[in-house]
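Have a look at the structure below, then the notes.
Below, chain A is the first sequence line, B the second, and so on; all start at residue 1.
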Protein chains: 2
Amino acid sequence: MPAVDALALDRQVCFALAAASRSVIGLYRPVLEPLGLTHPQYLVMLALWESSPRTVRNIGEALALEPAPLSPLLKRLEAAGLITRSRKVDDERSLDVELTVAGRALRSRAEGVPAQIVERLGMPVAELEATRDALTRLLEASR
Amino acid sequence: MPAVDALALDRQVCFALAAASRSVIGLYRPVLEPLGLTHPQYLVMLALWESSPRTVRNIGEALALEPAPLSPLLKRLEAAGLITRSRKVDDERSLDVELTVAGRALRSRAEGVPAQIVERLGMPVAELEATRDALTRLLEASR
DNA sequence: CGCTAACAATTAGTACACTAACGAATTACT
DNA sequence: AGTAATTCGTTAGTGTACTAATTGTTAGCG
């Protein structure tokens with residue numbers, strides 16, 4: 001393949017990925033705004049609704065995120081009253097992140113979010129799941 | 001489907017999308033670093049290698065980007081000596097962005113980028129193309 | 001036992017991205 | 001013609017992300 005075409009394909013793949021990511025996250029914005037959450041904060045809450053407490057590093061592994069961006073994000077969630085942050089008793093290097101009552105309560109309001117997004121996208125659920133699986137393979141291949 | 005499944009992290013398209021986007025862009029970082037480009041800057045240069053000059057708005061439409069983040073980004077490319085920024089003569093609201101000689105010259109060094117990424121991913125090109133098509137449909141559906 | 005290596009989280013610095021507000025220029029309408 | 005509505009780019013403010021350096025803590029080894 002000539003380099004000119006390789007640049008074109010590359011432009012298509014990395015552009016499609018970055019643009020779709022920005023655009024889909026933009027769809028979440030008005031849906032999450034009433035909950036007082038940004039999209040990365042929503043992902044952290046999803047991780048905590050699955051399991052709480054868990055450490056900063058453990059959340060980072062679940063979300064493929066470094067502790068660096070999590071640190072200020074978690075402070076905002078703490079300021080919003082959704083989580084508590086406290087050093088582990090058996091290892092003071094680690095920070096336990098735990099849902100508050102308000103954080104747990106927010107879950108029921110968040111349960112409608114996925115359906116709203118799927119409806120807004122107007123794509124068959126099967127195609128969304130296939131795309132998600134393709135993205136998961138891409139994620140695995142890239143790390 | 002119970003809400004417990006709807007909120008499962010590993011079922012979320014938005015998580016796979018955000019994580020894959022961050023991770024793949026991370027792959028570009030060491031490859032683009034010798035060129036002195038970040039990933040969004042690389043996308044802008046790709047757009048300019050296809051057509052130059054073009055206006056800020058026109059670049060934004062090609063990349064699905066608002067003028068707001070483009071404005072400081074283009075100033076950095078100008079500071080790097082890769083582009084020039086000048087008001088259009090026939091409409092002084094618009095800004096013409098044009099490649100410099102150095103900007104055009106950078107293209108030959110960038111032509112090796114796609115192959116490096118594809119090789120690093122280790123995925124069949126056909127699967128990459130299928131994923132690109134799925135992402136394009138997702139992008140279209142989301143805007 | 002003490003020193004060092006490894007580890008967890010935070011911080012600093014740079015660069016995006018979004019919304020909203022703004023200033024300057026152009027077009028449209030009466 | 002002249003005002004109003006649009007359009008284009010920039011800026012301010014908030015919130016991510018990344019790398020690298022830092023602080024504090026634990027574990028391992030001679």
Could you walk me through whether B:Glu92 and B:Arg87 pass salt bridge (Lys or Arg N to Asp or Glu O under 4.0 Å), step by step?
CA-CA 5 Å; B:Glu92 295 221 339; B:Arg87 293 283 160 188; over 6 Å; no
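- For B:Leu95, taking side-chain heavy atoms from C-beta onward, the closest of the listed nucleotides D:dG9, C:dC16, D:dT19 is D:dG9.
- Tracing side-chain contacts under 4.5 Å through hydrophobic residues (I, L, V, M, F, W, Y), one never reaches B:Leu135 starting from A:Ile25; they form parts of separate clusters.
- Summarising the geometry, the separation between CZ on A:Arg57 and P on C:dT10 is reported as 11 Å, rounded to the nearest angstrom.
- Side chain of A:Val56, nearest nucleotide from C:dC18, C:dA9, C:dC16: C:dA9.
- If B:Pro69 and A:Ala68 are placed on DNA chain D by their nearest nucleotide, the residue sitting closer to the 5' end is B:Pro69.
- Between A:Glu111 and A:Arg107 a salt bridge is recorded (basic side-chain N to carboxylate O distance below 4.0 Å).
- Hydrophobic clustering of Ile, Leu, Val, Met, Phe, Trp and Tyr side chains at less than 4.5 Å, counting indirect connections, keeps A:Leu139 apart from B:Leu17.
- Within the structure, a side-chain polar atom (N or O) of A:Lys75 is placed less than 4.0 Å from OP1 or OP2 of C:dT11.
- Using a 4.5 Å cut-off on side-chain heavy atoms (C-beta onward), B:Ile117 and B:Leu121 make contact.
- One atom, CG of B:Leu32, and another, P of C:dA15, lie 14 Å apart when rounded to the nearest Å.
- The aromatic rings of A:Tyr42 and A:Trp49 stand perpendicular to each other, their planes meeting at an angle above 60°, with 30° marking the opposite boundary.
- Using a 4.0 Å heavy-atom distance criterion, B:Leu73 is classed as a sugar-phosphate-only contact.
- Across the protein-nucleic acid pair, A:Leu74 atom CG and D:dG15 atom P stand 14 Å apart, rounded to whole Å.
- Taking the charged nitrogens against the carboxylate oxygens, B:Arg137 and A:Glu127 do have a contact shorter than 4.0 Å, which makes a salt bridge.
- Near DNA chain D, meaning a heavy atom under 4.0 Å away, the residues from residues 82-93 of chain B are B:Arg85, B:Arg87, B:Arg93.
- Taking only side-chain atoms of A:Leu65, from C-beta outward, the nucleotide of C:dA15, D:dC18, D:dT16 with the closest atom is D:dC18.
- Between A:Leu46 and B:Gln12 there is a side-chain heavy-atom pair separated by less than 4.5 Å.
- Contacts of A:Pro40 with the nucleic acid, taken as non-hydrogen atoms under 4.0 Å apart, involve only primed sugar atoms and P, OP1 or OP2.
- Looking at the side chain of B:Thr38, the nearest of the listed nucleotides C:dA15, C:dA17, D:dG15 is C:dA15.
- When the P atom of D:dT7 is taken as reference, atom CG of B:Asn58 falls 16 Å away, rounded to whole Å.
- Between C:dC16 and A:Arg22, no contact under 4.0 Å exists linking OP1 or OP2 to a side-chain N or O.
- Distance B:Glu33 CD to C:dA15 P: 12 Å, rounded to the nearest Å.
- Following rounding to the nearest Å, B:Arg29 (CZ) and D:dA20 (P) show an atom-to-atom distance of 11 Å.
- If you measure from atom OH of B:Tyr42 to atom C1' of C:dA15, you get 19 Å, rounded to the nearest angstrom.
- Going from atom CD1 of A:Ile25 over to atom P of D:dT16 covers 11 Å, rounded to whole Å.
- When each of D:dG15, D:dT11, C:dT10 is scored by its nearest atom to the side-chain atoms of A:Arg76, the top-ranked nucleotide is D:dG15.
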